[in-house]
Structure formats: C-alpha cells, structure tokens
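Predicted, not measured: the structure shown is a model, and the values here were computed from it. Numbered from 1 within each chain, the chains take letters A, B, ... in sequence-line order.
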Protein chains: 2
Amino acid sequence: MGSAGNAMLHDELVAHLRAMIVDGVLPPGTRVPERELCAKFEVSRTPLREALKVLAAEGHIALLPNKGARVTRLTTRDVEELFQVSGGLEALGGELACARITDAEIAEIRALHAEMAQEHARRALPAYYALNRRIHEAIMQASGNKVLQGLYEQVSARIRRARFVAAMPFDRWDQAMDEHEGILNALVRRDGATLAAILKQHLSNKSKQVVEAGFAVEVDAAADPAAPRRRGRRTPPAG
Amino acid sequence: MGSAGNAMLHDELVAHLRAMIVDGVLPPGTRVPERELCAKFEVSRTPLREALKVLAAEGHIALLPNKGARVTRLTTRDVEELFQVSGGLEALGGELACARITDAEIAEIRALHAEMAQEHARRALPAYYALNRRIHEAIMQASGNKVLQGLYEQVSARIRRARFVAAMPFDRWDQAMDEHEGILNALVRRDGATLAAILKQHLSNKSKQVVEAGFAVEVDAAADPAAPRRRGRRTPPAG
DNA sequence: ATATGCAAAAATGAATTCAATTTTGGAACG
DNA sequence: CGTTCCAAAATTGAATTCATTTTTGCATAT
C-alpha cells in the first residue's frame, strides 16, 4: 500500500486536489492530467474521477464531455459576482455574530487585528493577508451558523483561486485597514447593522481593487490553452 | 442500450437522484439502495457512485464509510440555519434586483403575485406554494448574479426536502401574503434596502412557522433507522 | 511546400472484477 | 431461555478491463 495508509482515500483526495487548485499548483485553464495524478497519488482512476466530479460540482473544474477536466478560469464577472455573494454572506455572518459572540471570542479577534495592524505597518502583504483571512473566518465562526460557514468557505475558496496577492496599492491598503478598525469597533459594540454594512462595503471595495488590478497576474503562460500549438512540424532548417 | 439513450448518464443521473430526494421519493433517513437504483436506471455502479459523491457534497446524502449512503435528515437546527442563510441570500438578491430589474420583469412578477393572491383567497396551498416559489426565483433571476442564483438554488433544494407543506395556520398565511404585498411594493419602488429587510423578515417568520409545525409531518415511519430491528428471533410461540 | 486524409495512439466513460469490511443466520454454550 | 461466537452472504471501496471518442503522427496528393 501507499505510505500514507488508506483510511481516507476519497475525502483526502478531494481535499488535496482542491488545495492544489486553490493554491495555484494547478493554475486556471490547465488540463487536469488524470494519469499523472493517479501515479502521483498512487490511486486508480476510479476514486480520482469521483473527486473530479465533486470538484466540478463545487465550481473548481469544468468537465468537458469526452475532452477531460480543466481548472476553471475566472472571468471578471465571476470575480464580481463571487465578491458580491461573499459580501452578502459576511454581512449576514457579522450580524449573527454580534448577537452571540462572547468576550473571549472578541478578545481573540482583537488580538488578530492587532497582529494584522503590525503587518500592515511593516508592509508585509502575505502575513497581512493570512491574518485578514483568519479574522473574517473568526467572525463567520462566531455566527454559529454551520451552513453559512460552509457556503462561505466554498465561495472564499473560489475567490482565492484568483491570486491577486501581488497588486495592492498602498492607499487602498490603508483604506482596508481603516475598514477593519470599523469592523472591530462594530463587533465590540455588538452593532450588527453597522458591522454588516461595513463588511459589505469592505468586500465591494476589495472587489473593485481586484478587478482593477487584473486579478490574474500570476498565471503561468505555459498553461494557457489559448496559446496556439504547432502540429506535425519540425524545427525549421537552419541552412 | 437503455431506452433513454446514453448521451447524459452522469449529469442526468445526478439531477434525477437529486429530484428523487428533494421531492421526497427517497425520504430523509432512508438508505440509498445502490443495487436497486443501478437496476432501475440501467447503469453500473460506477456512475451511480459518482453521483452519490456529488449529492453528498451538496448535503443531500451522508456517506458513512463502509456503511453506505443515507438521505440526510434535517434537524431543527439545520432548518433554522438554512432559512437564515436563505434570508441572507434573498436579501442580497432583492437588493441587487432593485438596481437592475426591468419594467417587464416587474410586470411578470406582479402577474405571478396576482395569481398567488387568487390561490391564497381560495386557500389552495400547493398552488400558492408553487407560485410563491416562482416569485422568489424571479427576484433572484433579476439580481443578475449567477453565482448567487446557484447558491440560492442549492440552499432552497435543501430546505424543500423538509416537506412542511401540510401545516400552515391561516393567520400565518395571511401574514405571509401581506409580506408579499410589501415585497412587490418595494420592488416597484426599487427600494432595495426595504426589500432586503422584508425578505429577511419573511424568511425568518417562515422559519419560525416551519419549526413550530414540526416540519417533518410526512416522513415514512418504515424508513426510520432509529427503529429497533430484531435479530435472529422468531415470532413468539402462540401457545 | 502546404494542406488533406487516414491509421495509430492516447484519453475518456462506463462496466466488470477483485479485495476487504460489515451484516446476517444459526449453532454452541452458559 | 438467552447470550456469544463463528461462518456465510451481502455490501462497500477500489482496481482493472473494455469500448468509444478524440487527438496525434505521418503519408499522400495537389
């Protein structure tokens, strides 16, 4: 058997493949090399194909009949729609959270917020993003609604696939930090309506920034299926 | 081959199974008889199991390791959470719809509303429900956000699985109709904030009603897995 | 030299086969 | 009479096999 045991197989496979897509190991537009992955994971095609169906249902890959699986490419419209939905989900989550969040949970978020402010001050973007994500997830957690958390995670993963980490103008970054001050404030005051409004605006602003930045800065050109391929042609003669 | 041709197989299978679950042909808690369904649909286990994985990812069935698939049972908490999320999604959809809905679309919704009022007046619950659903879907459609529509459809399907059609007190029914008057009004005025608020309240009220009514009135007792089974015991001797 | 056509190779979709776990039926025992 | 244990049957999870479609490589014709 494989070195990792076999107690999971299907679920692990789905999670692993999803991570590969979300983290950009399989860039948007790439064909999913079924046989390679089978070899890599040391499983047969059956569980792998089951995993592909699930990921297709989640919107991460497209299944073209008789033409294999491709990592879906996000259009500008997709990104805008996803951010809109994320805004709605986070607004709801924030509102619910205000009604039931504990002081301990707030303290934890406050600590994350302080850490994030530090990273903002030293212009450490990846660290800032990691903490930013943890804050938003903590608020969702505090909503107490598992269904909501699940959908948010789904939408978040789809958004995260567009790796727009690179471009973040300083003025926009400062603005985002200000918005987060407002988020923490509203949370402390348990002001659900205000928190919801700020979160929605926050996501809307983020959407604008991402779209304006092009949001696809780090796709691998080699993975572009639109690139023309030569067929049955050798290297041109040198002399 | 089968009488239905084979151009679809997988997708059709998923849709068909999902419909069977949502429509209550496979009641909550029932084991999904894999072999029977294979015979019924005239397919092998491979595509059927792929469909089961997808439905599991959508939350319609639970996959117990080595113990088969079961149609998920909705707890009271599940219902409350699903209605909360649905309220959030519909609020967002209504808000977006107000910003872009056309007069023609409003006219169509107004017509549906009038029809629904008729059914309300004559106390025809199933017809009322059908029109009610079409109205909510039309608003979502008018939002212009495909991602939102998809998630709403997913959540809606999960809610619809609890068939609570039976119990609807008249006073609550009248109240729901009033709320729908408000919905139509806000839509005509393109008042997104108000529409969002009404929709959220509408769904919250519906949730309360459904939970209070028990929301599981028509589950088949024979499908209850909690029922104790006898093992290796014959009928007791009569004399 | 380029374009067209055809056969070989590869990839996909689904059925079948195989191994392992769980459930069932009944026999032995207390 | 009830309980426990074990073997047989059924069910599940995964690998392999088979048929079909698509893609590729090369030969041929214009």
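The minimum heavy-atom distance between Pro28(A) and Thr72(A), with the atom names listed, is CB-O, 3.6 Å. Scanning all heavy atoms of the two residues, the minimum distance from Leu82(A) to Val155(A) falls at O-CG1, 3.7 Å.
For the pair Arg35(B) and dA10(D), the criterion of a side-chain N or O lying under 4.0 Å from OP1 or OP2 is not met. Between Arg31(A) and the phosphate of dT12(C), there is a side-chain N or O to OP1/OP2 separation shorter than 4.0 Å. Contact between the side-chain N/O atoms of Arg49(B) and the OP1/OP2 oxygens of dT12(D) is not found at any separation under 4.0 Å.
Comparing Pro47(A) and Glu34(B) by the nucleotide of DNA chain D that holds the closest heavy atom to each, the one mapping nearer the 5' end is Glu34(B).
Between the P atom of dA14(C) and the CG atom of Leu48(A) lies a distance of 15 Å, rounded to the nearest Å. Between His10(B) atom NE2 and dT12(C) atom C1' the separation is 14 Å, expressed in whole Å. Between Leu52(A) atom CG and dG13(C) atom P there is a gap of 9 Å when expressed in whole angstrom units. Atom-to-atom, CD of Glu50(A) to C1' of dT12(C) comes out at 16 Å; the value is rounded to the nearest Å. To the nearest angstrom, P of dA15(D) lies 14 Å from CG of Leu37(A).
Ion pair Lys146(A)/Glu153(A) not flagged as a salt bridge, since none of the NZ, NE, NH1 or NH2 atoms sits closer than 4.0 Å to an Asp/Glu carboxylate oxygen. At a threshold of 4.0 Å, the pair Arg133(B)-Glu137(B) counts as salt-bridged, since one of the basic side-chain nitrogens sits closer than that to a carboxylate oxygen. Under a 4.0 Å N-O distance rule, the pair Arg77(A)/Glu81(A) qualifies as a salt bridge. Between Lys200(B) and Glu95(A) there is a salt bridge, with a side-chain nitrogen of the basic residue lying less than 4.0 Å from a carboxylate oxygen of the acidic one.
Partners of Glu105(B) under the salt bridge (Lys or Arg N to Asp or Glu O under 4.0 Å) rule, at least two apart in sequence or in another chain, do not exist in this structure.
The structure places CG of Leu26(A) at 9.5 Å from CD1 of Ile61(A), a figure rounded to the nearest 0.5 Å.
Residue pairs meeting the side chain to side chain donor-acceptor pair (under 3.5 Å) criterion with at least one partner in residues 50-61 of chain A, sequence neighbours excluded, are Arg18(A)-Glu58(A), Glu50(A)-Arg49(B). Residue pairs meeting the ring-ring contact (aromatic ring centres under 6.0 Å, His included) criterion with at least one partner in residues 133-160 of chain A, sequence neighbours excluded, are His136(A)-His180(A), His136(A)-His202(A).
Listed by residue number, Asn66(B), Lys67(B) are the residues of residues 60-68 of chain B with a heavy-atom contact under 4.0 Å to DNA chain C.
Summarising the local packing, CZ of Arg134(B) is surrounded by 12 or fewer heavy atoms from other residues, nucleotides or ligands at distances under 6.0 Å.
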Output a table of nitrogen or oxygen pairs between the protein and nucleotides 16-18 of chain C separated by less than 3.5 Å.
unit_1  : atom_1 : unit_2   : atom_2 : d
dT16(C) : O4     : Thr46(B) : OG1    : 3.3

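The C1' atoms of five pairs define one axis at each end of the helix from dA1(C)-dT30(D) to dG30(C)-dC1(D), and these two axes lie 0° apart (to 10°).
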